[in-house]
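What follows is one structure encoded as structure tokens, with my remarks underneath.
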Amino acid sequence: MRIGLLTGGGDCPGLNAVIRGAVRKGVASYGHEFIGYRDGWRGPLENDTMTLGVDEVRGILPRGGTILGSSRTNPFAIDNGVEQIKDNLAAGGVDALIAIGGEDTLGVATKLADLGVKVVGVPKTIDNDLSGTDFTFGFDTAVNIATEAIDRLHTTAESHHRVLVVEVMGRHAGWIALHSGLAGGANIILIPERPFDIAKVCAQVESRFATHYSPIIVVSEGAVPADGGDMSLVNGEKDAFGHVRLGGIGDRLAHEIEQRTGKEARAVVLGHIQRGGTPTAFDRWLATRFGLHAITAVHEGDFGTMMALRGTEIARVPLAEGTDKLKTVRPDLYDEVEVLFG
Ligand code: F6P
């Protein structure tokens, strides 16, 4: 078989490990051939390809980013996009695709599978917000980066008796904030799933100072105040999937806290640092196994499926299960840690 691979959406540590796992096993166990499509769905849309074989995947296991490049191209937003993809696959003799991506990239894969394209999905996102799988790779790396940052920020916050607000990624889901905030001993964690009460946040800041500690607040970029005011948008720019570019809640929150409590408050935005660099051992383990299982799913003709981590096993679930509904933080998981706030 000749199999096309692509990586779409925001990049994520572990993408290269998936590519390597799929190619190595595909060649060694099944004698398959591969072709790399550049920059997500833009690759098959414009027939932009690269050679992909055992030589090309040598040494990429610990490398962050993706050797295939990525984009947020949405073929369903382009006239004749789907037909173009089908034509290019047929012309290139490509029998099947492995699409590695998050809600948008796999959302496209789900629709293409319904239209008869032979595709298998691998879930990735540092946000960990895809359903059907216990974890996505990239999340563990992002949590570790954020936790290290929080550890470092504690000591400087203490020295200066200031509030430090750490803004982490998480558009709709607060997984990174919850896990890194818990691991880093944050004093307040604010997530999109639980609109926050600014008066309560300020009271918690003051109670923290009263015990001679400086508060660290971890906030997801998508967190919003309970009064419905929209403090998070810095501009109205949207990507091809209609998502507004977020960022800015950290600064707005620091400003508000300073105004209301009189305590100096500063914001630190971790941004793309959370997505860059080498994956953790866990993410390499998960990503490699996703790659190994994805190529077997293709070999067995089990199209329209997505690889998923269930406990310690890799399972196959229908693509739609991963993309229909975002996996957000369950209320009880947030309630559990609230006792540590303030
Ligand atoms: O991968 C998802 C994500 O990390 C979101 O948390 C964030 O909003 C988005 O990517 C930002 O990505 P970019 O800056 O590449 O558009």
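Below, each value reflects all heavy atoms present in this structure, side chains not excepted, and no hydrogens, waters or symmetry copies. Small disclaimer: the values here were computed from a predicted structure and weren't measured. For ligands, and for the atoms within them, numbers begin at 1 and follow the listed sequence.
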Run the side-chain donor-acceptor check on residues 321-328: report pairs under 3.5 Å with partners two or more places apart or on a different chain.
unit_1	atom_1	unit_2	atom_2	d
Glu321	OE2	Arg310	NH2	3.0
Thr323	OG1	Thr110	OG1	3.2
Thr323	OG1	Leu319	O	3.3
Lys327	NZ	Thr133	O	2.9
Lys327	NZ	Asp134	O	3.0

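Residue-to-ligand polar distances place Gly170 within reach of ligand 1: an N/O pair is separated by less than 3.5 Å. For Arg72, a nitrogen or oxygen atom sits less than 3.5 Å from a nitrogen or oxygen atom of ligand 1, counting backbone and side chain alike.
In the model, Arg162 has no side-chain atom that pairs as donor or acceptor with a side-chain atom of Thr156 under 3.5 Å. Side-chain contact, Thr280 with Asp140: a donor N or O sits under 3.5 Å from an acceptor N or O.
For ligand 1, the atoms closer than 4.0 angstrom to any heavy atom of Ile126 are 4 (O). Near His272, meaning under 4.0 Å from one of its heavy atoms, ligand 1 places the atoms 13 (P), 14 (O), 15 (O).
When the heavy atoms of Glu103, His172, Arg171 are ranked by distance to atom 9 (C) of ligand 1, first place goes to Arg171.
Considering Thr49, Thr7, Asp48 as possible partners of Arg38, the one that fulfils the side chain to side chain donor-acceptor pair (under 3.5 Å) test is Asp48.
At most 12 non-hydrogen atoms from other residues, nucleotides or ligands lie less than 6.0 angstrom from CZ of Arg24.
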